[in-house]
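All values reported here derive from a predicted model rather than from experimental measurement. The first residue in the sequence is number 1, and the count goes up from there.
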Amino acid sequence: MALSAKPIRPALKPAEPADPIEAFIAKGGSVPHAEPPAPVPIATPELTVKGAQHPLKFPADSDLFERLERARKGSAVRLPRNTWVLQAIAEKLARDGG
């Protein structure tokens with residue numbers, strides 16, 4: 001029996017995918033930039049800066065919180081509690097000349 005070398009298979013060329021989605025995926029893409037572009041500054045009014053928050057604590061032995069809630073819910077426009085309190089403080093300061 002004679003020995004012979006293994007037959008060499010011809011190299012197959014990669015066929016174009018028939019599916020357009022597979023063709024898009026096979027095409028590949030570029031890598032993202034090393035540094036992201038700087039954000040574009042947006043002109044904002046200075047009033048949007050928030051100050052420090054100070055939570056309100058109501059005395060346990062008074063009905064101050066219930067009175068506040070009744071007054072807040074009795075108004076024609078339903079305001080959040082913090083907005084209502086700030087509005088009440090501003091009205092009081094305006095009334096007292098402060």
Side-chain angles (χ1 to χ4, degrees):
M1 179 190 257
L3 295 174
S4 64
K6 283 186 172 181
I8 300 173
R9 293 185 182 174
L12 297 175
K13 293 183 179 178
E16 293 272 335
D19 186 18
I21 295 174
E22 289 297 325
F24 179 76
I25 293 171
K27 184 174 83 170
S30 61
V31 296
H33 296 287
E35 294 180 19
V40 178
I42 300 173
T44 57
E46 293 180 20
L47 298 177
T48 59
V49 177
K50 290 187 176 183
Q53 294 185 1
H54 303 284
L56 294 174
K57 294 183 181 180
F58 295 94
D61 59 343
S62 75
D63 65 339
L64 186 60
F65 184 77
E66 287 80 19
R67 289 172 44 201
L68 182 145
E69 286 298 305
R70 280 195 305 268
R72 189 174 69 89
K73 290 179 181 176
S75 66
V77 178
R78 298 284 305 251
L79 294 174
R81 186 177 300 118
N82 290 346
T83 305
W84 190 92
V85 169
L86 289 174
Q87 184 178 5
I89 291 170
E91 289 174 2
K92 171 122 175 80
L93 289 173
R95 193 171 50 240
D96 291 348

Could you report the tightest heavy-atom contact between Leu79 and Gln87, atom names first, then the distance?
CD1-OE1, 3.1 Å

Ring pair (Phe, Tyr, Trp, His ring centres under 6.0 Å) contacts in which one or both residues fall within residues 72-96, not counting sequence neighbours:
none

How would you list, by chain and number, every residue that makes a ring pair (Phe, Tyr, Trp, His ring centres under 6.0 Å) with Phe24, sequence neighbours excluded?
none

By the side-chain hydrogen bond (donor to acceptor under 3.5 Å, both in side chains) test, which pairs, at least two apart or in different chains, include something from residues 55-64?
none

Any residue meeting side-chain hydrogen bond (donor to acceptor under 3.5 Å, both in side chains) with Arg67, in chain and number order, not counting sequence neighbours:
none

Apart from Ile25 itself, which Ile, Leu, Val, Met, Phe, Trp or Tyr residues share its cluster (side-chain heavy atoms under 4.5 Å, direct or through members)?
Ile21

Phe65: what forms a side-chain contact (heavy atoms from CB on, under 4.5 Å) with it, not counting sequence neighbours?
Phe58, Glu69, Arg81

To the nearest 0.5 Å, atom CZ of Arg78 lies from atom OG1 of Thr83 at 12.5 Å

Using side-chain heavy atoms (C-beta onward) and a distance below 4.5 Å, is Leu68 in contact with Leu64?
no

